[in-house]
Structures are given as structure tokens and as C-alpha cells.
Amino acid sequence: MPNRQRTPEELAFNARVGNNIKYIRKIKNLTQSKVGAAIGTTFQQVQKYEKGSNGVSAQKLQDLARLFQISTDALIDENFIPYHKGFTGKMDWVDKDIAEIKGVKECQ
């Protein structure tokens, strides 16, 4: 169902779940293509999940939780990222954290 038919609450939920998926995917150093292949969908669909453009079905949430080795509750928890990493609302620090994990200096 396209988002134009969704309520503001559903749109906010989709965005929250999408942010959690993107955060965990980046921490686990996975590409959208790898995630898509693992859960039986395309990278474009994973991209839409992450943007909140499309909602994630219960089955796909379960598949993602298995892949990421976390509970489905974590994927829908609005406080998952803040509890995990003092989240400020911007995703730019995720790339910086991943670079630090890999031992790469950030170029500014």
C-alpha cells in the first residue's frame, strides 16, 4: 500500500522502523543488496524500508531480526537507537562510527 493512503502514525512508525533497520545494517557492515538477498527481496525494497516509504511486513521483520540476530521488538522500538548510541536525529554519525570501527580516519 503506497504511503499516500497511510495515516501520520503509520508513516511515523515506518520511518522509525526504517531508521532502526538502516542503523543496524550499517553497524553490521551489510549492504542493502546483502540484506535484500538474505530476506528474499531486492535492495530497492530494503532502501524503501529504510526511507520509510514502504512498511515492513511481519514476516520480513522476523527475517530481518534473524539476520541481525536481534529481537523484532528492537526493530520497532522507538528508543532503540537513542539507548544504543545517544542518537541526535541525524544519521551522519553512523558512517563516522563505522569508519572508526574499521580503523579509517574520517577526512574532513
Side-chain angles (χ1 to χ4, degrees):
M1 180 184 305
N3 277 333
R4 66 182 173 275
Q5 298 173 359
R6 305 254 181 196
T7 66
E9 292 82 14
E10 289 172 310
L11 292 172
F13 179 82
N14 290 348
R16 179 173 61 243
V17 171
N19 280 337
N20 288 348
I21 292 168
K22 184 174 184 177
Y23 176 78
I24 298 164
R25 177 182 63 79
K26 287 192 170 214
I27 291 298
K28 299 250 181 210
N29 199 28
L30 295 169
T31 64
Q32 290 174 336
S33 295
K34 287 180 184 176
V35 171
I39 66 168
T41 192
T42 63
F43 80 89
Q44 292 98 332
Q45 186 61 45
V46 173
Q47 186 177 54
K48 289 176 184 178
Y49 292 157
E50 290 181 358
K51 288 182 177 181
S53 301
N54 288 2
V56 184
S57 71
Q59 181 61 52
K60 293 298 182 196
L61 273 176
Q62 190 175 33
D63 294 343
L64 286 164
R66 280 191 196 119
L67 173 66
F68 295 147
Q69 299 175 345
I70 60 170
S71 72
T72 53
D73 291 348
L75 286 170
I76 63 171
D77 184 2
E78 64 186 301
N79 295 311
F80 175 77
I81 296 174
Y83 286 152
H84 191 264
K85 182 75 178 180
F87 187 59
T88 62
K90 292 185 178 182
M91 294 298 287
D92 56 346
W93 54 267
V94 173
D95 294 323
K96 185 173 147 184
D97 283 356
I98 291 170
E100 288 174 11
I101 290 168
K102 292 180 179 179
V104 177
K105 283 191 168 186
E106 181 184 9
C107 298
Q108 289 196 13

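Considering only residues two or more places apart in sequence or on other chains, Gln47 meets the side-chain hydrogen bond (donor to acceptor under 3.5 Å, both in side chains) condition with none of them. Every residue was checked against the side-chain hydrogen bond (donor to acceptor under 3.5 Å, both in side chains) condition with Thr31, not counting sequence neighbours, and none meets it. Looking at residues two or more places apart in sequence or on another chain, you find a side chain to side chain contact (heavy atoms under 4.5 Å, CB included) between Ile70 and Ile24, Phe68, Ala74, Leu75. Under the side-chain hydrogen bond (donor to acceptor under 3.5 Å, both in side chains) criterion, Gln62 pairs with no residue at all, not counting sequence neighbours. Residues that satisfy the side-chain hydrogen bond (donor to acceptor under 3.5 Å, both in side chains) test with Gln59, not counting sequence neighbours, are Asp63.
Here the CZ-CG distance, from Arg6 to Asn54, works out to 7.5 Å after rounding to the nearest 0.5 Å. In this structure, Ile21 CD1 and Leu30 CG are separated by 12.5 Å, a value rounded to the nearest 0.5 Å. Rounding to the nearest 0.5 Å gives a distance of 7.5 Å between CD of Gln32 and NZ of Lys22.
Residue pairs meeting the salt bridge (charged side-chain N to carboxylate O under 4.0 Å, His left out) criterion with at least one partner in residues 32-60, sequence neighbours excluded, are Arg25-Glu50.
Side-chain atoms of Arg16 do not come within 3.5 Å of backbone N or O of Asp77 as any donor-acceptor pair.
Between Thr72 and Ala65, the shortest heavy-atom distance links the atoms CG2-CB, 3.7 Å. In plain terms, the two heavy atoms of Gly55 and Tyr49 that are nearest each other are O-CE2, 3.4 Å.
A 4.5 Å side-chain heavy-atom check between Ile76 and Asn20 finds every atom pair outside the cut-off.
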